[in-house]
Structures are given as structure tokens and as C-alpha cells.
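Accompanying notes for the structure given below.
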Protein chains: 2
Amino acid sequence: METNGAEQRRLLQSAASAGCGVERTLKVLDGKWTTLVVRELLSGPKRFGELRTALGSPSAKTLTDRLRALEHQRILTRTVHAEVPPRVVYRLTEQGESLSEVLYAMLRWGEEHPLTES
Amino acid sequence: METNGAEQRRLLQSAASAGCGVERTLKVLDGKWTTLVVRELLSGPKRFGELRTALGSPSAKTLTDRLRALEHQRILTRTVHAEVPPRVVYRLTEQGESLSEVLYAMLRWGEEHPLTES
DNA sequence: CCCATTGGTTTCCATTCTGAAATTATATTA
DNA sequence: TAATATAATTTCAGAATGGAAACCAATGGG
């Protein structure tokens, strides 16, 4: 059974201010690039360099920071292949993949509401 | 007709990296407190002071900044009642209310995935 | 006349964030 | 013996962010 709009509204209204699910999700997706990293990985595992290019070149430091944080939160896994030069592959966990629900809601909203600023 | 999971995946994968809907949404919900302001207003219009209290007291400056930004983006309206002391009410626009889809996805994900860290 | 109240604004400062650049490690290739 | 390629890590500097504190406006009440 699908949750309808009125029900969604009710659930959101009763969400405790502190520590509600919304805040938990915000914490996971926190920081520049983080959400976009997840979006990129939804189309399949990617190497460090591939991610960097796809995102429009965040600094290596920043991307590393984000990947490490997502790894700690079990959103993705990091696999080092013992080759030379090294190949490191990032892949979403099941938990990470489930974020597609959130990302898809964002995609839809963004497309249905183009810029309305001045 | 409901979009199914496989279809969602496909749409997310084909989202152009730059300027896709996801990024548009991220831009609107950018900054500390912003998403939570929207969540609070989903339960109805609120005064400045009510928001401040409900959110756990962000600084007046920060809250003002966020409210102004959301107003510019037509997510909410600001109504000043000519009383003394002044009463200022913030209310979501139709566009703002439609963000409930995104917030609800976040709420669900957050509740279904409690902390898994260390 | 002074105070209280609400919703700010302004100034300033500390922290955080981000990026650029230099450095590292290692096996293969020229 | 370099040079090369990948994925970092480290250091450092500048930018962006957020918060604290002080100040302001307008009017009703004591």
C-alpha cells in the first residue's frame, strides 16, 4: 500500500524536532559533493579517477574525505586492487543504494521546479 | 501510475552530471538549518520566534539569512503584521509544500537506517 | 520617562571547509 | 636509469560559514 500525501504530511508533522529521520539523512549526505558522489555511484561502481572527472574535479583531498566518510557510514565500500598503478573501486552498499529513493525525490522536485528567482 | 524502482534507477543514471534536478534541489536546501526550517513549516505557518525555538535556537542572523534565501526562491512567504511588538509570519508556498516529497523520503530513509557507525 | 517585547540588523571573530601544490609508493615500460 | 600512471596524503592558505553580542525601531504600560 502506497502512503498518500495526507499521510506523509501527518508523519512529517509529528517528527520530533531533534534527532528525527530527516536529520539523520542530512547527516549522512552532509558536505559539498557528498550527494553527488552517491548519485554517480548509482549507475555502478566507479574508480577514484572516474568519480573525480564525473563530478567536475573536486580536489583530491575533498573527494577522499567524502569517500572516507561515506565508507564509515557504510554507504559504500572501497576495494583496492593490488595492481600497478593501483586501482581503487567504490561501490554502493545495499544501504547506499537505498538512498536512491531520496535522490529520486530530489531529481523530480528539481526538474519540476526550475529556477524562479528574479 | 507509480514510477517503479527500476525506472527510478534508470532516470537517476541518465541525469546529466551538471545542472541536473538533484543539484537544483541541493541548491535550494543548502546551508545549515534550511531543510529543518521547511520541515517545521510543513505543520503550518510559524512566527520567527516560534521557528527559532522549534529548531533549537540557531542564531538570529543565521535564521534570518535562511528565511530570506528561501523567500527569494519562493519556497515561503513573509508576512509582517503591523502590530507592536511586530508579528512576522512565515508560510510555505505551494512550491515549498511540494518539498514534502523530498523531506518525506529523507524521513523514511533516516528511520529505516539508524546509525551503523563503529 | 523608562522599560518590555518582537524581529530584526550589524559587526566581529572563530571555526570549518575547500582547494592547490608538493610528495609518496610501486611495478611496468622505454 | 629514468619516466609513467593511479590514488592517495600532507601542508598550507584563503574563503565561506556560523554564532555571539550589541544595537535599533515602534508602541503600550507603569
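Proteins get letters first, then strands, A, B, ... in listed order; numbering begins at 1 in each. Values reported hereafter were calculated over all heavy atoms of this structure, with side chains retained and with hydrogens, waters and symmetry mates removed.
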* **Rounded interatomic separation in angstrom, taking CG from A:Leu63 and C1' from C:dC17** => 15 Å
* Asked: OP1 or OP2 of C:dA20 sitting under 4.0 Å from any side-chain N/O of A:Ser59?
  -> no
* To do: Examine distances only and state if a side-chain atom of B:Arg78 and a backbone atom of B:Glu71 form a donor-acceptor pair shorter than 3.5 Å.
  => no
* Value in whole Å for how far the P atom of C:dG8 lies from CD of B:Glu83 -> 13 Å
* **Below 4.0 Å: OP1/OP2 of C:dG7 and any side-chain N or O of B:Arg78** => no
* Structure fact -> Closest heavy-atom pair, A:Leu42 versus A:Ser100, reported as atoms and distance to 0.1 Å, is CD2-CB, 3.8 Å
* To do: Would you tell me if any nitrogen or oxygen in the side chain of A:Thr64 comes within less than 4.0 Å of OP1 or OP2 on D:dA8?
  => no
* Asked: In whole angstroms, how far is the P atom of D:dA16 from the CG atom of B:Asp30?
  -> 13 Å
* Asked: Is there a donor-acceptor contact under 3.5 Å from the side chain of B:Thr93 to the main chain of B:Ile75?
  -> yes
* Check the distance between D:dT9's C1' and A:Leu67's CG and give it to me in whole angstrom. => 14 Å
* Modelled atom types, side-chain donor and acceptor of A:Ser98 and B:Trp109, under 3.5 Å -> yes
* Apply side-chain contact (heavy atoms from CB on, under 4.5 Å) to B:Thr53 and list each qualifying residue two or more places apart in sequence or on a separate chain. => none
* Spell out, as yes or no, whether a donor-acceptor pair under 3.5 Å connects the side chain of A:Thr64 to the backbone of A:Ala60. => yes
* Exercise: identify the closest heavy-atom pair between B:Arg39 and B:Leu103 -> CB-CD1, 3.7 Å
* In whole angstrom, what separates B:Arg68's CZ from C:dG7's P? -> 12 Å
* Structure fact -> Here the distance between atom C1' of C:dG8 and atom CG of B:Leu51, to the nearest Å, is 14 Å
* To do: Could you tell me whether A:Arg52 contacts a base, only the sugar-phosphate backbone, or nothing, with contacts defined as non-hydrogen atoms closer than 4.0 Å?
  => nothing
* Using a cut-off of strictly less than 4.0 Å, decide whether A:Lys32 has a side-chain nitrogen or oxygen near OP1 or OP2 of C:dG19. => yes
* Asked: Does a side-chain N or O from B:Arg47 land closer than 4.0 Å to OP1 or OP2 of C:dG7, or not?
  -> yes
* To do: Round to a whole Å and report the spacing from NE2 of B:His81 to C1' of D:dA26.
  => 17 Å
* Asked: What string of B, S and - do you get for nucleotides 21-26 of chain C 5' to 3' if you count protein non-hydrogen atoms under 4.0 Å?
  -> -----B
* Asked: Tell me: CZ of B:Phe48 to P of C:dT5, nearest whole Å?
  -> 17 Å
